[in-house]
Amino acid sequence: MKEFNITNDYCKRVWNETRAQYPDQEHFLQAVGLVLESLSPAVDSIRGLKENAVLERFVEPERIIMFRVPWVDDKGVPRVNRGYRVQFSSAIGPYKGGLRFSSEVNLDILKFLGFEQVLKNSLTTLPMGGAKGGSDFDSHGKSDAEVMRFCQSFMTELYRHIGADTDVPAGDKGVGSREVAYLFGQYKRIMNQFTGVLTGKWLSFGGSLVRPEATGYGLVYFVERMLASKNDGIEGKNVIISGDGNVATFAAQKLIRLGAKVLTLSDSTGFILDEDGIDEEKLNYVMAFRAERKKIDEYVKKYQKAKFFKGERPWKVKADIALPCATQDEIYLDDAKVMVANGVKIVGEGANMPTRAEAIECFIKSGVLFAPGKASNAGGVAVSGLEMTQNSERLHWTFEKVDNKLKSIMYGIHDNSAQTAKDFGCADNYVLGANIYGFKVVADAMMAQGLV
Ligand code: NDP
């Protein structure tokens with residue numbers, strides 16, 4: 001792991017204690033190390049942190065729930081998975097964060113995601129605490145009936161720990177609208193209550209317009225604002241994107257509509273490069289075959305001028321902007337060096353922590369504008385927050401209204417992060433700016449509420 005440049009003594013002590021406590025939680029430690037590094041120049045200027053043990057509490061989840069999830073497959077064979085909910089912080093609102101169903105899920109990954117979510121939700125300025133959960137269940141190759149039985153069993157335990165004013169989960173990798181619907185149905189059945197206990201619901205039962213598009217669109221709004229801060233714009237820019245899921249495809253859609261040229265998309269099998277640019281018609285084709293759970297090489301079967309690179313990621317392709325939108329640990333130091341040499345000017349994280357700490361350092365030192373996921377991919381949770389508001393009001397807002405609010409939230413996150421970075425003498429360091437801005441709000445609430 002990268003040696004973090006944690007210069008403040010209080011941050012250093014908390015870092016050493018966290019490392020000693022959780023030596024095996026590599027992703028969680030990387031997230032904590034990066035945040036403590038960013039907070040180092042700021043903590044002495046925030047009164048009362050040490051006296052109130054704020055940092056010690058900030059890195060420790062309020063509650064972790066772990067449970068077994070028994071279910072029966074289509075052959076009648078009993079199966080058992082592990083379920084989790086990490087309720088990290090309720091300082092500024094009910095716990096809020098997605099559920100991930102994927103074989104990679106473990107406590108380390110969920111603690112890192114929950115920790116990041118606390119700051120991300122704070123950055124949106126909406127009243128939402130931070131959480132994350134999920135299971136090591138992998139829906140690939142499972143029938144609808146199996147997914148439904150799994151979701152029902154998962155919720156049969158989770159329901160007692162969540163609620164519209166307690167903890168409001170949403171989707172994440174492996175948990176799309178199908179899974180959210182099954183989870184919602186089971187919650188409603190057990191509780192006999194129709195409440196906004198989950199977000200990412202279908203429109204017909206309390207979902208919000210723009211929620212599917214929100215993370216990808218929000219990412220592009222953030223990048224648009226970064227460019228504007230340099231008197232530049234998106235039109236005509238070449239963009240490389242990883243992933244072909246929810247975040248990647250809606251980021252691509254917005255970019256295409258704003259006149260950028262999208263060159264790549266990827267999945268876990270490799271990436272495709274289309275030098276002519278992926279237009280809306282081609283993108284619709286990707287969305288359609290992805291809905292049928294087909295892999296990305298399907299693209300080159302139809303568009304034969306495009307190329308498929310098996311088992312590779314798109315970072316060697318020359319471009320102005322790179323948007324990693326698949327998963328964590330996608331860009332390593334070697335990739336970053338190639339991207340810098342290729343003239344990439346902006347890296348915006350659509351996924352959560354796709355960039356390794358060493359690679360982030362390389363980007364920042366090389367003058368590449370780097371947007372950390374907790375800021376640039378906050379559009380999804382922001383619209384989830386707006387979905388909660390609509391559910392409380394028992395109203396549906398128009399697409400335009402939600403989209404405008406999303407844009408203004410993303411611009412706000414950008415401006416608050418940029419201004420904070422500037423205030424601490426580190427202009428353009430969005431990592432530092434986002435971490436300090438998000439933390440200050442949470443720390444303030446924690447101190448006000450006493451030692452809880
Ligand atoms: P999807 O499940 O829709 O898409 C995930 C994409 O990543 C797919 O293309 C998938 O390919 C690819 N992928 C998964 N694992 C790997 C791997 N090990 N190596 C290479 N590619 C991989 O997820 P989302 O688009 O919803 O989420 C993507 C990222 O964005 C995640 O990090 C998520 O936490 C983050 N995020 C999502 C939000 C949302 O609103 N959806 C909100 C904020 C963050 P394959 O199908 O082959 O597995």
Side-chain angles (χ1 to χ4, degrees), residues 27 31 96-105 109-110 112-114 116-117 119-121 123-124 130 132-134 138-141 169-180 199-200 207-208 210-219 222 241-253 264-272 286-287 289-299 309-315 323-332 335 348-355 371-387 406 410 413:
H27 294 89
K96 179 90 198 88
L99 296 171
R100 177 177 289 194
F101 291 171
S102 165
S103 49
E104 87 208 351
V105 161
I109 300 271
L110 294 179
F112 123 62
L113 290 166
E116 291 284 289
Q117 195 80 43
L119 291 169
K120 184 187 302 192
N121 293 1
L123 284 167
T124 65
K132 203 81 190 187
D138 185 348
S139 64
H140 287 103
D172 187 69
K173 236 170 75 178
V175 180
S177 57
R178 171 183 65 169
E179 288 77 10
V180 168
T199 57
S208 175
V210 197
R211 180 58 189 90
E213 295 88 348
T215 307
Y217 278 21
L219 170 64
F222 194 96
I241 299 181
S242 67
D244 71 349
N246 173 273
V247 181
T249 50
F250 283 110
Q253 186 182 76
T264 68
L265 288 170
S266 75
D267 68 10
S268 55
T269 66
F271 80 92
I272 58 104
V286 174
M287 288 173 165
F289 71 66
R290 167 121 185 121
E292 291 172 14
R293 299 178 196 279
K294 293 188 177 150
K295 304 316 282 182
I296 194 71
D297 60 343
E298 202 66 23
Y299 189 93
F309 295 84
K310 193 172 173 201
E312 292 187 39
R313 297 197 161 105
W315 313 129
L323 303 181
C325 297
T327 188
Q328 66 275 354
D329 302 334
E330 294 186 73
I331 301 180
Y332 286 78
D335 303 309
E349 290 188 326
N352 286 312
M353 238 165 64
T355 318
K374 65 171 73 77
S376 51
N377 73 26
V381 76
V383 172
S384 277
L386 302 178
E387 182 174 330
L406 168 65
M410 295 313 296
I413 296 174

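Everything numeric in this text was worked out from a predicted model, so none of it was measured. First listed ligand is number 1; within each ligand, the first listed atom is number 1.
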*List the closest protein heavy-atom neighbour of atom 24 (P) of ligand 1: residue, atom name, distance to the nearest 0.1 Å.*
V247 CG2, 3.8 Å
*Counting only N and O atoms by type, is there a donor-acceptor contact under 3.5 Å from the side chain of D244 to the main-chain atoms of I296?*
no
*Decide yes or no for D172 and K132: does some side-chain heavy atom of the first lie under 4.5 Å from some side-chain heavy atom of the second?*
yes
*For the pair E349 (side chain) and G373 (backbone), establish whether a donor and an acceptor sit closer than 3.5 Å, ignoring hydrogens and angles.*
yes
_When you measure from the side chain of S242 to the backbone of C325, do you find a donor-acceptor pair of N or O atoms at a distance under 3.5 Å?_
yes
*Considering only the protein, which heavy-atom contact is closest to atom 30 (O) of ligand 1, and what is its distance?*
A351 CA, 3.3 Å
*Around atom 14 (C) of ligand 1, find the nearest protein heavy atom and jot down its residue, atom name and distance.*
K173 NZ, 3.9 Å
*Are any non-hydrogen side-chain atoms of K120 and N377 less than 4.5 angstrom apart?*
yes
*T327 side chain reached by K173 side chain, heavy atoms, under 4.5 Å*: yes
_Could you check whether any side-chain N or O of E298 sits under 3.5 Å from a backbone N or O of K295, counting only pairs where one atom can act as donor and the other as acceptor?_
no
*Donor-acceptor pair, T264 side chain versus I272 backbone, under 3.5 Å?*
no
*Find out whether E179 and L99 are in side-chain contact, i.e. whether some heavy atom of one side chain is under 4.5 Å from a heavy atom of the other.*
no
*Test P324 against every option in D329, N352, I331 by the side chain to side chain contact (heavy atoms under 4.5 Å, CB included) rule and name the one that passes.*
I331
*With a 4.0 Å heavy-atom cut-off (strictly under), which part of D172 contacts ligand 1: side chain, backbone, both or neither?*
side chain
*Under-4.0 Å heavy-atom contact with ligand 1, by part of S266 that carries it*: backbone
*asked:* Tell me whether R313 reaches ligand 1 (any heavy atom closer than 4.0 angstrom to a ligand atom).
replied: yes
_Option whose closest heavy atom lies nearest to atom 11 (O) of ligand 1, chosen from S103, G216, S268_ = S268
*Considering only non-hydrogen protein atoms, determine which one is nearest to atom 8 (C) of ligand 1 and report residue, atom name and distance to 0.1 Å.*
D244 OD1, 3.6 Å
*Measure from the side-chain N and O atoms of R313 to the backbone N and O of G270, and report whether any donor-acceptor pair falls under 3.5 Å.*
no
_Heavy-atom pairs closer than 4.0 Å: do any link ligand 1 to the side chain of R211, the backbone, both, or neither?_
side chain
*Under 4.0 Å from ligand 1, counting heavy atoms only, is it the side chain of S102, its backbone, both or neither?*
neither
*To the nearest 0.1 Å, how far is atom 16 (C) of ligand 1 from its closest protein heavy atom, and which atom is that?*
T327 CG2, 3.6 Å
*asked:* Give me the nearest non-hydrogen protein atom to atom 26 (O) of ligand 1 as residue plus atom name, then the distance to 0.1 Å.
replied: N246 CB, 3.7 Å
*Using distance alone, decide if ligand 1 has a nitrogen or oxygen within less than 3.5 Å of any nitrogen or oxygen in T215.*
yes
*Would you mind running through ligand 1 and noting each atom that sits below 4.0 Å from a heavy atom of N377?*
43 (C), 44 (C)
_Does only the side chain of R290 get under 4.0 Å from ligand 1, or the backbone, or both, or neither? Count heavy atoms._
side chain
*For R100 and ligand 1, answer yes if some heavy atom of the residue is under 4.0 Å from a ligand atom, otherwise no.*
yes
*Can you label the angle between the F250 ring and the Y217 ring as parallel, tilted or perpendicular, going by 30° and 60°?*
perpendicular
*Under 4.0 Å, heavy atoms only, figure out whether ligand 1 is touched by the backbone of K295, its side chain, both or neither.*
side chain
*What part of N352 sits under 4.0 Å from ligand 1 if we count only heavy atoms: the side chain, the backbone, both or neither?*
both
*Hey, does G379 sit under 4.0 Å from ligand 1 if you only count heavy atoms?*
no
_Nearest option to atom 28 (C) of ligand 1, as decided by whichever heavy atom of G243, A326, G245 sits closest_ = A326
